[in-house]
Every structure is written in C-alpha cells, then in structure tokens.
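Encoded as structure tokens, the structure appears first; notes follow it.
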Amino acid sequence: MIDEKKYQQLVSELKDKAVVVAVSKTKPVCDIQALYNLGHRDFGENYVQELLSKQEALPKDIRWHFIGHLQTNKVKYIVPFIYLIHGVDSLHLLKEINKQAKKNNKIIHCLLQMHIAREETKFGLDENELYEIVNTQINTLKNTCVCGLMGMASFTNDIDQVKNEFIYLKKVFDNTKLLPASSSFQPSILSMGMSNDYLIAIEKGSNMVRIGSLLFGARNTL
Ligand SMILES: *Cc1c(COP(=O)(O)O)cnc(C)c1O
C-alpha cells in the first residue's frame, strides 16, 4: 500500500529542490502502478532480476533508476532501458556499462558512488579513486555520461555524523564541477538522502533523493 498523503506532502515539500526517486524494491507492481497513477515517473530498484520483471509489467515511460550494487555480468540486461545508474563504484563497472551502451547504440547516464559512511560494508569510491577516473579515463568512454555523484550516509541516530557526511559529499561534488566538463562528464546531480535523512540531505545540497519506506511502508524482508 502506498501512502498517498505522504507522497503529496513529499512532492510539495521537495518541489523545485530535488527529484524524488521512489524506491520500490521488494514492493509489488500494483504499488508502483498506484504511484504512477498519481503522476510519478521516477522509480528506483536494487536488484536486476526484480527490475526486469517490473519493467516488463509496467508502463514504458517510467524512468527506472538502478540504485543497488551492480555486477558487471548483469549490466547488459538493464542497459536497453535504464534511465540512470546511481551506484557506479569502479572504473571496471563504468567500462562495462560503456561497452554495453555502445552495443545498444546508447549513451547511459551514471552517477559515481562515493563511500562517505563509517561502515565498511557500504560500497563506493574514495576521493583519489574518483579523481583518477575523472582525470584519466572518462573521456575515452564515449557511451557513458557521468552526470553526478551518489552517496549513502552511515546508519546511525547521530545526526551530526550524518550531516558531516553529507557536507563532505557536497564539497566533493562542488569540486568535481570545477573539473573540465565534456560529453562524458557533466556533473549536475547529487543523489543523497533516504527516508530517514532526506531533510538533512536537502539542507546540505542534495538535488535527488531516494525514498522507499516513507512512501511504500516498511520492507519486511530483503
Ligand atoms: C533501499 C534504498 C533506499 C531507500 O531506503 P528507505 O530508507 O526505504 O528510504 C535508498 N537508497 C538505496 C541505495 C537503497 O538501497
């Protein structure tokens, strides 16, 4: 079940500030359709198999965002229709996306995922790896466009910790904007903030939030 009131509230709260990606992982097609019927078009999924079956079943003008950890051997399945890949955390993965994009005669938009949390388990690049990719490799990849950064804050009740992580990511994002842009590198999107921390993220400069449980209710299983 979707929470229509929450949805309308969120949309008006974030209007002109941030794109809302509705994170529908583990939720049924009917929930996505319900939000679609209210006019929503941006949806995020974490698992390739689940995304493929939902994409098949749902209207074709949905903008699908892949927000999970993407394995290189699965890139080929989503490239034909994906709108934005948020979690690009290695050059190896970016190259594979570029290769599959070329095969499909497409340009795929991607965000580089930065590791900003305390937890070791979260994926992402550090600043050196980011600049290495941007400065030395990106212009050889003609079928991808890196159009910003994504990050996930620590899972904690320590608000100052979360704030500092978002401030740090915003600073890195601003630094990337000073680097030379090209058809392969046009940083404009900062994807940060989830159900529990999106207000902090917006305050710290996010312009794209990924909201799941607030809209669709808690997930039982993963
Ligand atoms: C699941 C997930 C979200 C949404 O989480 P909620 O707390 O339910 O809003 C956002 N981003 C990523 C990368 C996720 O995996």
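Counting starts at 1 for both ligands and their atoms, in listed order.
Every residue two or more places apart in sequence or in another chain that forms a salt bridge (charged side-chain N to carboxylate O under 4.0 Å, His left out) with D42 is listed here: R63.
Annotation: ring-ring contact (aromatic ring centres under 6.0 Å, His included) contacts involving residues 182-220, sequence neighbours excluded, are absent. Legend: ring-ring contact (aromatic ring centres under 6.0 Å, His included) pairs involving residues 123-174, not counting sequence neighbours, sorted by first then second residue: H69-F123.
The ring of Y83 has its center no closer than 6.0 angstrom to the ring center of H109.
When each of K25, K54, R210 is paired with E45, the salt bridge (Lys or Arg N to Asp or Glu O under 4.0 Å) condition holds for K54 and for no other.
At distances below 3.5 Å, not a single donor-acceptor pair connects side-chain atoms of N46 with backbone N or O atoms of I67.
The residues lining ligand 1, counting any heavy atom closer than 4.0 Å, are V23, K25, N46, I67, M150, M152, M194, S195, R210, I211, G212, S213, R219.
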